[in-house]
Amino acid sequence: MEQQNLKDTFPKGCIEKITGSCLVLPGDDIDTDRIIPARFLKCINFESLGEQVFADDRIEKNGSHPFDQTTNKDASILVVNENFGCGSSREHAPQALMRWGIRAIIGQSFAEIFFGNCLALGIPCMTTSASSIRAIQKEIHNQPNQVWKVDIANCLIKNISREWKVNIETGFQEMLLKGQWDTTAQLLSKKNELITTMNKLPYLNNFKSMS
Amino acid sequence: MLSGGATQIFVGLHLIHEVTSPQAFAALKELGMKVRCPDRTVATVDHIVPTTDQSRPFSDPLAEEMLLTLEKNCQNHNIKLYGLGSGNQGIVHVIAPELGLTQPGMTVVCGDSHTSTHGAFGAIAFGIGTSQVRDVLATQSLTMNKLKVRRIWIDGQLNQGVYAKDLILHIIKTLGVKGGVGYAYEFAGPAIEALSMEERMTICNMAIEGGARCGYINPDEITFDYLQGRIHSPVGSSWDKAIHWWRKLSSDLDAVYDDEIKFDASKISPTVTWGITPGQGISIEELLPYPESLEDKDKQIAEEAYKYMKLKPGSSIKDVQIDVCFIGSCTNGRLSDLEIAADIVKGNKVAKGVKAFVVPGSEKVANDAISKGLDNVFKDAGFQWREPGCSMCLAMNPDRLNGSQISASSSNRNFKGRQGSANGRTLLMSPAMVAAAAITGKVSDVRNLLTQQS
Ligand code: SF4
């Protein structure tokens, strides 16, 4: 029941830890076209994206794709390899993952725009070494339904018996922990500084201020 | 400085289009806010527009709804929309430079990863996600972390039949699709200085494909010449002052970079991708690599690519049969691209069984091309001449591959399914190489056609 709730409530406020089962999606360079094929971008809201995540890969795998396996159905932590989320800047990709139920992603590395898009939704993307990823994948493989915890304050991912170090830049970590990943509010608070900058930019006054 | 050590940066030019803006406008409405700087925000439609019949309403109701939503949002917030038939509609990264909106020293953002294109003007330009679009609409600023800078220095000059597209494909193939993560790429050196603005845009356009957040080229006389007299360029005494400011923006000669890499342009051959990432490219003379011979990190994706592309290691990319030829996109849909391709096509015919089409990057490109008679050159050869838009670059419109068709494409991405069919295959190459493929029906070295002509 708790898991079910998790799927419908999106991240809010301070994000300190994510608890749930893990889903392994192996492979490097998984791009956002695969996460959400372009034809699903034809929408004016994000609502139905959860069902369409990895649509083409799932059709190709005919039920055996990690996002279709029943053991993964309640997973909230996604475990990936290198350069996850490369390609198009579409925020539909993290939206689709979030609406499917993903609340944290652990991987070797992430594409930058994707990382930023996830952060803006309150979904931490944390990195760790290839060997840790392999070890984590193995543990999940051995026991798919076990409970994992991603601890953002201490930069750890752990199950009942072991833990691994994961990384996130302290700045981003702080934003999550303090609930300040909502960037709009932050940016609005610096109105005056922005006006100062604007007054200094020559192209905003048709270069009149230039001597 | 913001919480988390990020910097708040002002956005000088915010470009919006129909795909990534509707949710951002909806969020703005929820916050009860207005657009902070409507005069720094410019809209067009490109991704979903059909390229055959553009009369309204579109036959695809979803596409029509997206366009209506954009029109309504622009109207409500006083944002200039260069819509269909305005004479200035087109792919967002084609029209902003054309209109003189993109200028040196600006920060240019758009909810589209190929915003890096505008870096060709010495602007800092990058793609953003929809929540950032919301932030920029609301505050005309966004949060950003400092990037490292890698200077990519290109010595020598490109040989005949080798173009900016080959150069950037070569760079990405060498540095890899992840090579640029965390970096801005500064493209410099004699080969870059010799490029026209349109060619420079092709280079910066694909910086993102090399993993860099943005790419840029220092502004110079070629930049200023391009900008002079454009609709939004400064005029009169402002123009002189602008040039004075723009000149000062160039990197200092003794600038220190986080990393530097050198290439020699004269050693580069026409380059084609064979796989499912833009980094999987080879020169036309090479044979497809054996996965065993690759570095560990490239093996798995190479095997996946061979399976998907139905190609064999050790075989030649030359002579691979092509079904569809696409000339267009924000990488290579500008006038000079069409001119180069038309030169090759002229007096030839599209090979039997090949569907070939040209999609100008903007209404202005289309009009200029028509006034030079290029449309007829293409049509006489058997190409279709289409209306401007993104078209088969990403197939959010009716232009797409069917089944496992294979395309020669002047666009920028060859990801699985990118061109609208879940098993469609894409070979990226220069417009000249696409033209050569159209005529011969297979991947061909365009240099051979050029020698025949001369
Ligand atoms: S042409 Fe292609 S890459 Fe460029 S903006 Fe359109 S869809 Fe994106």
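Throughout, a chain's letter reflects where its sequence line sits, starting with A, and its residues are numbered from 1. Quick caveat: nothing in here was measured; it's all calculated off a predicted structure.
Ring geometry for A:Y203 versus B:W245: interplanar angle of 30 to 60°, hence tilted.
Only the side chain of B:L147 comes within less than 4.5 Å of a heavy atom of chain A; its backbone N, CA, C and O stay farther away. With a 4.5 Å cut-off on non-hydrogen atoms, A:N81 does not touch chain B at all. Heavy atoms of A:A38 lying under 4.5 Å from chain B belong to its backbone as well as its side chain. If you measure heavy-atom distances from A:Q173 to chain B, you find no contacts under 4.5 Å at all. Heavy atoms of A:I44 lying under 4.5 Å from chain B belong to its backbone as well as its side chain. For A:L177, no part lies under 4.5 angstrom from a heavy atom of chain B. Looking at A:D28, both its backbone and its side chain come within 4.5 Å of chain B, counting heavy atoms on both sides. For a residue to count as touching a neighbouring chain, one of its non-hydrogen atoms must lie under 4.5 Å from one of that chain's; by this rule B:N423 does not touch chain A.
For the pair A:C86/B:V177, no side-chain contact is recorded, criterion being any heavy-atom separation below 4.5 Å from C-beta on. A 4.5 Å side-chain heavy-atom check between A:R34 and B:F415 finds every atom pair outside the cut-off. Annotation: side chain of B:R40 is in contact with side chain of A:L204 (closest heavy-atom distance under 4.5 Å). Annotation: side chain of A:L201 is not in contact with side chain of B:M106 (no heavy-atom distance under 4.5 Å). Side-chain contact between A:P26 and B:Q300 is absent, with no heavy-atom pair separated by less than 4.5 Å. In this structure, A:K190 and B:S141 have side chains that are not in contact, with every pair of non-hydrogen atoms separated by 4.5 Å or more. With a 4.5 Å cut-off on side-chain heavy atoms, B:R418 and A:D31 do not count as touching. Side-chain contact between B:T130 and A:Q95: absent, with no pair of heavy atoms (C-beta onward) separated by less than 4.5 Å.
Per-residue heavy-atom pair counts under 4.5 Å with chain B were compared for A:E193, A:E169, A:K191, A:H92, and the maximum is reached by A:H92. Put simply, of A:A93, A:P37, A:S109, A:C43, the one with the most heavy-atom pairs under 4.5 Å next to chain B is A:C43. By number of non-hydrogen pairs under 4.5 angstrom with chain A, the leading residue of B:M396, B:Q140, B:E65, B:E304 is B:M396. Note on A:T197, A:D182, A:L194: by heavy-atom pairs under 4.5 Å with chain B, the leading option is A:L194. Counting heavy-atom pairs closer than 4.5 Å to chain A, the top residue among B:I208, B:L31, B:V181, B:I48 is B:V181. When each of B:A26, B:A138, B:G182 is scored by its heavy-atom pairs under 4.5 Å with chain A, the top score falls to B:G182. Here A:G87 is the residue among A:G116, A:A111, A:A120, A:G87 with the most heavy-atom pairs under 4.5 Å with chain B. When each of B:T139, B:D135, B:N397 is checked for heavy-atom pairs under 4.5 Å with chain A, B:D135 comes out on top. Ranked by heavy-atom pairs under 4.5 Å with chain A, the list B:K416, B:R413, B:H114 is led by B:R413. Most heavy-atom pairs under 4.5 Å with chain A: of the set B:K297, B:R213, B:H47, B:E209, this distinction falls to B:R213.
Annotation: the span from B:D112 atom CG to A:S89 atom OG amounts to 5.5 Å, rounded to 0.5 Å. Annotation: the span from A:K42 atom NZ to B:D60 atom CG amounts to 4.0 Å, rounded to 0.5 Å. From A:T184, atom OG1 reaches atom CG of B:L137 across 10.0 Å, with rounding to the nearest 0.5 Å. Rounded to the nearest 0.5 angstrom, B:T115 OG1 and A:I113 CD1 are separated by 7.5 Å. Between B:Q23 atom CD and A:E47 atom CD the span is 10.0 Å, to the nearest 0.5 Å. Here the straight-line distance linking atom CD1 of B:I243 with atom CZ of A:F207 works out to 10.0 Å at 0.5 Å rounding.
Using modelled atom types and a 3.5 Å distance limit, the side chains of A:E91 and B:S131 yield a donor-acceptor pair.
Within a 6.0 Å radius of NZ in A:K165, other residues, nucleotides and ligands contribute more than 12 heavy atoms. Within a 6.0 Å radius of CD in A:E51, no more than 12 heavy atoms belonging to other residues, nucleotides or ligands are found. B:K299 NZ: more than 12 foreign heavy atoms inside a 6.0 Å radius.
Smallest separation of non-hydrogen atoms from B:P234 and A:N206: CB-OD1, 4.1 Å. What you find for A:N117 and B:G129 is that their closest heavy atoms are OD1-CA, 2.9 Å. In plain terms, the two heavy atoms of A:R90 and B:L394 that are nearest each other are NH2-CD1, 4.3 Å. Pairing each heavy atom of B:S113 with each of A:S88, the nearest pair is OG-CA, 3.6 Å.
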**Prompt:** Taking it one step at a time, do B:C37 and A:M198 satisfy side-chain contact (heavy atoms from CB on, under 4.5 Å)?
**Reply:** CA-CA 11 Å; B:C37 297; A:M198 288 171 75; 3.8 Å; yes
**Request:** Take B:R134 and A:T183 through the test side-chain contact (heavy atoms from CB on, under 4.5 Å) and record every step on the way to the result.
**Result:** CA-CA 10 Å; B:R134 174 201 66 200; A:T183 45; 3.9 Å; yes
**Worked check of side-chain contact (heavy atoms from CB on, under 4.5 Å) between A:Q186 and B:Q8** = CA-CA 9 Å; A:Q186 266 207 70; B:Q8 178 172 22; over 6 Å; no
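Within residues 55-70 of chain A, the residues approaching chain B closer than 4.5 Å by heavy atoms are, in numerical order, A:D56. Among the residues in residues 122-133 of chain A, none has a non-hydrogen atom closer than 4.5 angstrom to a non-hydrogen atom of chain B.
Partners of B:F121 by ring pair (Phe, Tyr, Trp, His ring centres under 6.0 Å), not counting sequence neighbours, listed by chain and number: B:Y226. The side chain to side chain contact (heavy atoms under 4.5 Å, CB included) check on A:D151 picks up A:A153, A:N154, A:L156, A:K158, with sequence neighbours excluded.
Taking a cutoff of 4.0 Å between a charged side-chain nitrogen and a carboxylate oxygen, A:D29 and B:K178 qualify as a salt bridge.
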